[in-house]
Amino acid sequence: GSDFTFPSQNVSLFSESLIPISSCWYVTPGVRYEYIRTENSGYYYSETRHPLTQEVLSQEQINSSAVNPRSLLLFGLGTTYRCFDDIEIYGNVSQNYRAINFSDVRVVNTNLLVDSNLTDEKGCSADLGFRGKLLKGTLIIDASLFLMRYNNRIGQVQKVVADNSIKLVRTNIADAQFLGIELFEELDFVKLMAPKQTWKLTWFNNIALVDVRYLADNEKVFANNRVENVPAVNYKTGLSLKTKSTGFGLQLNHVSNQFTDASNAEFYPDATVGVIPAYTVLDFSASYTWKRFTLEGSINNLTDRIYFTRRATGYPGPGIIPAERRMFFFTLQITI
């Protein structure tokens with residue numbers, strides 16, 4: 001009952017300069033110009049139906065078109081300090097911008113509505129950290145603090161609509177702030193204990209701790225709520241053993257619980273929103289090479305953990321979408 005086209009244009013110009021403050025300290029200012037033009041043109045039908053028989057009493061074709069051009073300047077500043085052996089200190093701050101895209105306004109099921117006053121997101125981001133190699137190059141480390149701010153962040157929330165039913169609405173919920181720390185480490189035990197050995201045994205850790213909150217909104221009901229689909233803890237660790245012909249890997253991934261809408265609802269009858277519980281998944285991989293042949297295999301979800309990572313508002317739901325159970329993969333590679 002409708003037919004629309006959504007032409008769009010995007011033009012951007014970018015410039016930056018690397019300025020040496022000293023022989024080991026550099027500052028990089030930058031600026032970006034964006035021109036965005038989005039349009040829609042088409043028609044839809046408006047029907048009036050009998051309240052009892054649902055017979056169509058009248059039908060009207062409504063033509064609709066709109067053009068939304070905008071332009072903006074985004075500024076950023078980065079710095080790098082490399083005055084220590086094998087250690088680099090870095091920092092960045094920049095403005096960010098996210099325009100409304102087609103996926104934000106596209107609706108594929110009747111359980112989801114889109115706010116007609118949806119607007120673009122603006123904000124800023126900053127990070128400060130250091131990275132480098134320690135213990136004679138056997139330990140690689142990268143640690144950083146980061147802050148991201150999104151004004152008028154686009155998200156989904158349950159609301160009472162015009163017909164007094166409760167629908168999931170995609171709208172500008174509130175300003176959101178991401179504050180966190182991320183740490184990556186990789187240690188080669190063999191290189192540390194016996195540098196002349198050709199095989200490797202490495203252990204890595206990657207952890208992100210994030211506090212993500214809505215700061216304020218017009219209705220004041222989402223202030224201090226956690227932003228949806230962002231876990232507070234995301235941790236990965238693993239061991240890897242590599243020799244000339246064989247390789248083994250074991251990786252563990254832990255993700256803490258998260259909400260799926262801005263109201264932080266823990267339960268809803270149709271399961272379209274609610275908590276996604278924390279889960280831990282273990283994966284194993286192995287490979288063997290002999291002459292021109294390489295055999296590789298992996299076992300995903302080694303412990304056969306039952307969990308889910310997202311919820312659907314429509315197909316194939318509504319409800320939770322279970323993750324894959326234990327899965328095996330084998331690959332034979334022949335080099336000619």
Side-chain angles (χ1 to χ4, degrees), residues 34 36 38 66 68 70 72-76 92-107 109 111-127 145-182 208-234 255-268 270-278 309-314 318:
E34 290 275 356
I36 302 170
T38 54
N68 183 17
R70 59 267 200 208
L72 68 154
L73 286 173
L74 301 175
F75 296 94
N92 302 278
V93 59
S94 62
Q95 295 175 289
N96 56 40
Y97 177 81
R98 178 186 179 277
I100 298 171
N101 55 46
F102 180 72
S103 63
D104 292 322
V105 299
R106 180 172 179 261
V107 177
N109 69 83
N111 295 321
L112 177 65
L113 300 179
V114 176
D115 187 347
S116 60
N117 296 316
L118 201 65
T119 60
D120 301 333
E121 299 177 4
K122 296 181 180 180
C124 62
S125 61
D127 68 300
L145 296 169
F146 61 88
L147 170 69
M148 293 186 293
R149 178 74 178 263
Y150 289 93
N151 298 331
N152 293 321
R153 184 181 184 276
I154 298 173
Q156 297 179 169
V157 66
Q158 298 274 355
K159 283 189 175 183
V160 178
V161 295
D163 61 358
N164 291 323
S165 63
I166 299 178
K167 297 285 187 180
L168 194 61
V169 180
R170 184 176 293 136
T171 184
N172 295 102
I173 297 176
D175 297 347
Q177 180 173 282
F178 294 62
L179 179 63
I181 180 172
E182 185 171 7
L209 305 175
V210 190
D211 182 61
V212 188
R213 303 280 176 174
Y214 284 112
L215 301 181
D217 68 285
N218 296 330
E219 302 175 7
K220 307 299 180 185
V221 295
F222 303 127
N224 207 41
N225 279 11
R226 286 170 57 183
V227 173
E228 64 273 21
N229 299 315
V230 182
V233 180
N234 195 326
V255 179
S256 64
N257 71 330
Q258 54 193 293
F259 294 99
T260 52
D261 81 323
S263 70
N264 288 185
E266 296 187 4
F267 172 80
Y268 196 73
D270 65 2
T272 55
V273 298
V275 174
I276 295 179
T309 60
R310 63 191 182 102
R311 297 174 183 266
T313 57

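Residues take their numbers from the sequence shown, with the count starting at 1.
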Salt bridge flag under 4.0 Å for residues R153 and E228: yes
Under the rule for salt bridge (charged side-chain N to carboxylate O under 4.0 Å, His left out), what residues qualify as partners of R226, not counting sequence neighbours? none
Test item: S256 side-chain N/O and V233 main-chain N/O as donor-acceptor pair under 3.5 Å: yes
Thinking salt bridges, do D120 and K122 make one under a 4.0 Å N-O criterion? no
Taking L215's backbone N and O only, do any of them form a donor-acceptor pair with Q177's side chain (distance below 3.5 Å, no angle check)? no
Between the side chain of T260 and the main-chain N/O of G274, is any donor-acceptor distance below 3.5 Å? yes
With T171, which of T119, D115, N152 fulfils side chain to side chain donor-acceptor pair (under 3.5 Å)? D115
Pairwise side-chain contact, R70 with T38, heavy-atom cut-off 4.5 Å (strictly under): yes
So which atom in I154 and which in R98 form the shortest heavy-atom distance, rounded to 0.1 Å? CD1-NH1, 3.3 Å
Over all atoms of both residues, closest heavy-atom pair of F259 and A265: CD2-O, 3.8 Å
Nearest heavy-atom neighbours spanning D175 and R149: OD2-NH2, 3.6 Å
Between E34 (side chain only) and L72 (backbone N and O only), is there a donor and an acceptor less than 3.5 Å apart? no
Using 30° and 60° as the class limits, which term best fits the ring planes of Y150 and F178: parallel, tilted or perpendicular? perpendicular
Would you find a donor on one side and an acceptor on the other, under 3.5 Å apart, between the side chain of N96 and the backbone of G123? yes
Within this structure, what is the CG-CD1 distance for the pair D127 and I181, rounded to the nearest 0.5 Å? 12.5 Å
